[in-house]
Amino acid sequence: PLSLHNGLLAPVFVFFMIALAQNEPKVLKWSPLIFLGEISYGIYLLQEPLHKYMVRLNDYLQLPYNGVFFYAYLAVLLVASTLSYYFIETPLRKKINGTSGTRSV
């Protein structure tokens, strides 16, 4: 099987390093990358519990562990992270920012 730990993704990282080194990196203003950055905390928090759930679900569905399982898991992770961003993170951020600081009487 193809291993992604053998430097196969190195050109991608070089691309992002070059983009970061520019004065105004236009590629980092690309809306899908901005969106992934916004939902990244949800991706970080939800990846392990959702993976365990998907493995249990796959025991029932019997999807092949090649690309089908991975892409199904990735889709579920992105949807769950998006929902957590809009329905948990954003309202809590607004509430925290609205109540932080001192009150005026």
Side-chain angles (χ1 to χ4, degrees):
L2 182 64
S3 174
L4 297 178
H5 299 289
N6 61 2
L8 186 63
L9 293 177
V12 175
F13 292 115
V14 169
F15 172 73
F16 280 110
M17 289 171 59
I18 291 171
L20 287 171
Q22 294 178 354
N23 288 337
E24 292 184 28
K26 294 178 184 176
V27 75
L28 296 180
K29 295 178 183 178
W30 190 39
S31 58
L33 291 180
I34 292 171
F35 175 72
L36 285 175
E38 289 175 347
I39 67 169
S40 64
Y41 188 64
I43 292 171
Y44 169 72
L45 287 179
L46 296 173
Q47 64 183 336
E48 182 64 27
L50 282 177
H51 185 263
K52 288 182 180 181
Y53 173 77
M54 290 290 291
V55 167
R56 285 186 182 172
L57 182 63
N58 193 39
D59 290 341
Y60 176 73
L61 296 176
Q62 298 296 316
L63 295 174
Y65 272 103
N66 54 15
V68 176
F69 176 80
F70 172 75
Y71 289 117
Y73 165 67
L74 184 62
V76 169
L77 180 61
L78 291 176
V79 168
S81 299
T82 300
L83 292 174
S84 75
Y85 176 76
Y86 285 114
F87 294 111
I88 297 172
E89 291 179 50
T90 302
L92 284 175
R93 186 180 313 114
K94 287 180 182 178
K95 186 173 184 178
I96 289 170
N97 289 338
T99 60
S100 65
T102 59
R103 288 182 165 183
S104 300
V105 177

Visitor: Mind checking what makes side-chain contact (heavy atoms from CB on, under 4.5 Å) contact with Glu89, not counting sequence neighbours?
Guide: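 For Glu89 the side-chain contact (heavy atoms from CB on, under 4.5 Å) partners, ignoring immediate neighbours, are Tyr41, Ser84, Tyr85, Arg93.
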
Visitor: Going hydrophobic residue to hydrophobic residue with side-chain gaps under 4.5 angstrom, can you get from Tyr71 over to Tyr73?
Guide: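 Yes, Tyr71 and Tyr73 fall within the same hydrophobic cluster.
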
Visitor: Linking I/L/V/M/F/W/Y whenever any side-chain heavy atoms sit under 4.5 Å apart, do Val79 and Phe87 land together?
Guide: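 Same hydrophobic cluster.
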
Visitor: Which donor-acceptor pairs under 3.5 Å do the side chains of residues 42-61 make with protein atoms, sequence neighbours left out?
Guide:
| unit_1 | atom_1 | unit_2 | atom_2 | d |
| --- | --- | --- | --- | --- |
| Asn58 | OD1 | Leu63 | N | 2.6 |
| Asn58 | ND2 | Leu63 | O | 3.3 |
| Asn58 | ND2 | Tyr65 | OH | 3.3 |

Visitor: Ignoring hydrogens and angles, write down the donor-acceptor pairs under 3.5 Å from the side chains of residues 29-39, residues two or more places apart or on other chains.
Guide:
none

